[in-house]
Amino acid sequence: MERKIKFILNGMGVEVSVPPRWTLLRLLREKLGLTGTKEGCGIGECGACTVLLDGVPVHSCLLLAPKVEGREVQTIEGLGSRGSLHPLQQSFIDHGAVQCGFCTPGILMSSKALLGKNPHPTRDEVKEAISGHLCRCTGYHQIIKAIEALAK
Amino acid sequence: MKQVGIEIPRVDALEKVLGSARYGADQTLEHALHLKVVRSKKPHAKIKSIRIDEAVRVPGVEKVFTAKDIPGKNLIGIITKDQPVLASDRVRYVGDPVALVTARSSEAAEEAACKVIVEYEDLPFVSSPEEAFKPYAPSIHEKGNLLLEFQVIRGDVQAGFKEADFITEQTYTTTWVEHAYLEPDAGIAYLDDEGRITVVCPTQNVHYDQKDVASTLALPLEKVRVIQSATGGGFGGRLDITVHCFLALAVYHLKNPVKIVYSREEVFQGTSKRHPLKIHYKSGVKKDGTLTAVEVDILGDSGAYASYGVAVCVRSAVHATGPYFVPSVKVRSQMVYTNNPWSGAMRGFGVPQMAFAHESQMDLLAQSLKMDPVELRLKNALRVGAETATGQTLSASVGISKTLEIIREWRDKEIFYKEDPKRPYIKKGLGIGSMWYGIGNTGVANPSTAQMEIHPNGDVRLLTGTADIGQGSDTAFLQIASEALGVNFNEICLIRADTSMTTDAGATSASRQTYISGNAILQAIKNLKQEVLKAATLIWGFPEKDLFIEDGVVRSKSNVSVSISIKEVARRRRKLLRGEGIFDPETTKLDPKTGQGIPYATYAFATHLAEVEVDMETGRVNVNRVVACHDVGKAIHPKNVKGQITGGIAMGLGFALMEEFVPEETLSFVNYLIPTSRDVPEMIPILVEDEEPTGPFGAKGVGEPALIPAAPAILNAIADAIGQRIYHLPANLERVLGAIQRNKAIGEGR
Amino acid sequence: MIPSFDYKIPRTLEEACDLLWTFGEKARIIAGGTDLVIGLRNGHVRPQCLVDITRLEELRRIEESDGMIFVGAGVTHSEIVSSPLVARHGRLLAEAACRIGSPQIRNLGTLGGNIVNASPAADTLPPLMVLDAVGKVISKEGERKVPLCQLFNRSYETSLKSYEILTQVTFPKLPSSTRSSLLRLARREAMAIARMSVAVILRLEKGLIEDIRISVGSVTPTPGRMSDAEAALKGKLPNDEGIQVAARKVSETMIRQSGIRRSTAYKKPVVEALVIRAIRKAIEE
């Protein structure tokens, strides 16, 4: 039993047919080939699957596909491209904020939402904005610095 | 030096920020079959039968494999081969794999996995190391429940304790810790163009993987190829076989591409954990602060299988004293099997547990002596010329005192207030923790090999078997190669961690890759340069000894106008120029009775300072700041080294305060908590570069050292704050409040 | 792996009620889905049909009228946090909402979902208890109002029928002299279930405690008010002795309702300490 879903993905309209029990994460990865969004736990506890839904970060692993009907989804693939990185992507590279990189796409999406809403966040606001993401490699230190570098 | 010690962009960062790096589950193959592992629900049981008929009838199911489908040896393990790929006659822990389902969809595979019916006969099980020794305890493996007993004996501890003015004796325990690498294990496998079984997945050691996959399938090594995918962390958890043999077994039988993706729950249940250690520690000290003796008894829980148990048993014994000179030492370390989850390598191989004990002891002694804990450590710190507990005389790069001195400055810089007038229920504390860590495997050969090539078209290639799992070895190696060869790192193509293209570099573990593989690369470059010079003499006819290479250019000593780039040499000669490198650190086998010998060629040292605040009414601990001072020899890439340190601090904070895997209760990240961005302190990483003469440009290693001192520093800071010490990790709400109440009881009793 | 189901997105409340009436026990309401999807994934919930109520406008509003605040059940935690009305008249609720899970959870999870999931650790429930919140429940049978303190049968179970929808939560605006405080204790600073949370509302009149309301999360199977403790303080001077007595009443209530457990040794002194701290904090506000 599939259901047609129309939504905006990274600025482009898409229409797909998908079983309603599929999560947005599965739809992105398995049907649309967008594997930049990661599954780290499947239950909203690690943040690796974070995408922006109408501009705010959400767990795509907890979002059933029909919920995105008529809405706007942004994934890491829509953030920047090889030739023109988003400033956050560049800052993450410059500040050593990437180690294993598995948490990176999700954290970038939350960072983008933060700076969109609050261009000059304090350190506590930066920490709060990424508090829904687990990172096991960096201790968050250089990630926080990378975001702060754009907040000044 | 132009390329070493600078901060070039990490070579893997671009793909990772774009989301285009391909991790295990990101690999796709057309018509790949999905795999699902059926796991034991019993801690210890005989398998009476496995019924797969119902599972096979699930639409979409291809085949269900059990132990009898394994053509080769059904026993794997990096040191001790005792772990079946699929259990045949019995299961030894809750989670032991018993069958493997292959199906056309992940749904079908999962449904069928539920329909595999395993009939068990329960066996009595062993739930603790102490129980494992009881006469009535069932034998978990044929040779009994003791995996290894290892001793380090030096001097006369009885005499040492007689000399001591103060003796302190305590028991410390630690529990299972999950690696919690962010990427759940996953991968694909297929037959490549040459008919090789090819496995692509996250791993820390492709060459080991290849060996165990080949032996499982009874295939020659060259019929198996393992390629490391982008790897979302490891921390020791991917040193063991995870998904490899399942993938390979399915391809072997079905000749069809396959894919497996573990859920996080399966990672928790089916992969290794940090060894819980019980450490009984007795130390003696003279009035002036000189350590006279330590006697340590270590009991480790290896769980159902050996994995790295032998390595942890030995390394924890060798590191038992901490970075101090102790004239008389007696350590007994035992590692035993139980029916608990299997323990394996995890960042530090037992040393983080030992550091918790020896650093608590140092603070207890300082307290007895009414001496500054930094002074006490400095007084006993290892230095050049000192002998370690295994009788090794340290000859260079012993930076422990320097780290202590720097930490003392930080500690004394500001006046520290223990109280917070606005929050009377808060007490603050300061604590330090020091460590040493031997780089590489303990007293065994652990060589690395590498190749450096210049191709006839001028392409420069570096080949290494090293897996970069996020720690940054790819970048560091390119810097090392660039510096040594005089070619810009952008112009060097790195080929890594593919058994068909690279040679064995050993595991990404034991903080060894920078030092050991870095040296292998230097060796390869040295040999390549010889090849270049040989080729250059053929171009010009100058004698070889008249030529030299500087900044990637061949020059003549006698004729300054002669110069030719090394790439040009290969082009002109139309020849592949290649240098092979091998490096094995100079170690000796440790004496089996006394543990004496040279276990490592070099050691890293570090000291952390932690500032905590403790809520005296709830037991909640916040870590406000950690200053982390590390002697790394030489930082090849300072920013990446600092990134290792800050990551280590966070993991150490988790180990200290919140991480506790409880078998059969801990299922996911819901009840296994690791620190978030809001839990981590302000971090100040400081590098000390006491160069190691045998290291590549003086480098040692930092991966594990980054973690080790953090928890001891935090625990010592808690003790400073609350006036009571915690002996069991993690120091969670209940334990901290318990300690506070104990203190109150003592206070009221007076 | 999530099993199959039908997915309905009703456009009106009436349509939603019809669907639920038709499917009965076989249907489940989905709002943010942050709890439900986990239940689907691990097989605890196996509905034939999901009814998505997040597109119903009347569930998405925060309003004020006749001295009352109305919060739609489909309002997300993030929306509560940024609502000026809630900030002014139900600050405790906003304080609780901003500590739920993580930003991502707060952007999806709804107030109604947090209530009907009926977790003993639900963050919004202690504030709603002290705010004397009342739920509006709508179904094919009509509309009913239920004080939230009467909504819960036991942990993770409400008295709502399978065809009923909690559409709105209402609470009276508090007099401006009201003081309040909220304390939360967890094992981690973010993404952690509350080990304990204390909500207190207090009003002093001529130095005496005129009104006191206390509710503590994660210590009793269902949320409620700590009436013994409240009674001990009402009309009294807010002195240390009285506050300590009240704190002991709270721990007695906890043990009476939850029994002695392995966790009691920890929870008893801590709940007392936090209740004392919360009351003092409210007084000093």
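Lettering of chains follows the sequences in order, A, B, ..., and the numbering in each one begins at 1.
Under the 4.5 Å side-chain criterion, counting only non-hydrogen atoms from C-beta, B:E15 is in contact with A:R82. Inter-residue side-chain proximity for B:V17 and A:L108 is flagged as met; some heavy-atom pair is nearer than 4.5 Å. Looking at heavy atoms from C-beta onward, B:P184 lies in side-chain contact with A:F102 at the 4.5 angstrom threshold. No side-chain heavy atom of A:E39 sits under 4.5 Å from any side-chain heavy atom of B:R264. In this structure, the side chains of B:P675 and A:R136 come closer than 4.5 Å at one or more pairs of heavy atoms.
Comparing B:V267, B:V261, B:L14 by how many heavy-atom pairs each has under 4.5 Å with chain A, the most go to B:L14. Of all the listed residues (B:A230, B:A650, B:A180), the one sharing the greatest number of non-hydrogen pairs under 4.5 Å with chain A is B:A180. Interface check for chain B: of the options A:Q99, A:E77, A:E30, the most heavy-atom pairs under 4.5 Å are formed by A:Q99. The candidate from A:G96, A:C137, A:G36 with the greatest count of non-hydrogen atom pairs under 4.5 Å with chain B is A:C137. Across B:N640, B:T231, B:T28, the residue that shares the most heavy-atom pairs under 4.5 angstrom with chain A is B:T231. Top candidate by heavy-atom pairs under 4.5 Å with chain B, chosen from A:E128, A:Q90, A:H133, is A:E128.
For B:F235, the part lying under 4.5 angstrom from a heavy atom of chain A is the side chain only. No part of B:D679 comes within reach of chain A, as not one of its non-hydrogen atoms sits under 4.5 angstrom from that chain. Of the two parts of A:D124, neither the backbone nor the side chain holds a non-hydrogen atom closer than 4.5 Å to a non-hydrogen atom of chain B. A:Q142 touches chain B through its side chain: at least one heavy atom from C-beta onward sits under 4.5 Å away, while N, CA, C and O do not. The contact between B:A21 and chain A is made entirely by backbone atoms, counting heavy-atom distances below 4.5 Å. Using a 4.5 Å cut-off between heavy atoms, A:L134 contacts chain B through both its backbone and its side chain. For a residue to count as touching a neighbouring chain, one of its non-hydrogen atoms must lie under 4.5 Å from one of that chain's; by this rule A:I130 touches chain B with backbone and side chain alike. Contact annotation for A:T138: only backbone heavy atoms (N, CA, C, O) come within less than 4.5 Å of a heavy atom of chain B. At a 4.5 Å heavy-atom cutoff, the contact between A:S81 and chain B is made by backbone atoms alone. Contact annotation for A:H86: neither backbone nor side-chain heavy atoms come within less than 4.5 Å of a heavy atom of chain B. In this structure, the portion of A:Y140 lying under 4.5 Å from any heavy atom of chain B is its side chain and not its backbone. With a 4.5 Å cut-off on non-hydrogen atoms, B:L18 touches chain A through its backbone and its side chain both. In this structure, the portion of B:S20 lying under 4.5 Å from any heavy atom of chain A is its side chain and not its backbone. Using a 4.5 Å cut-off between heavy atoms, B:H637 does not touch chain A at all. Heavy atoms of A:L85 lying under 4.5 Å from chain B belong exclusively to its side chain. Residue B:T475: no heavy atom, backbone or side chain, is found under 4.5 Å from chain A.
Counting non-hydrogen atoms of neighbouring residues, nucleotides and ligands closer than 6.0 angstrom, the CE atom of A:M12 reaches no more than 12 such neighbours. Atom NZ of A:K6 has 12 or fewer heavy atoms from other residues, nucleotides or ligands within 6.0 Å.
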Chi angles and distances behind the side-chain contact (heavy atoms from CB on, under 4.5 Å) call for B:V680, A:H141: CA-CA 8 Å; B:V680 296; A:H141 183 73; over 6 Å; no
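Here the closest non-hydrogen pair linking B:I469 and A:C100 is O-CB, 3.6 Å. The nearest pair of heavy atoms linking B:G19 to A:P105 is CA-CG, 4.3 Å.
Salt bridge A:R29/B:D26: present, at least one basic N to carboxylate O contact under 4.0 Å. We find that A:R21 and B:E107 are joined by a salt bridge, their nearest charged nitrogen and carboxylate oxygen being less than 4.0 Å apart.
To the nearest 0.5 Å, atom CD1 of residue A:I147 and atom OG of residue B:S677 are 8.5 Å apart.
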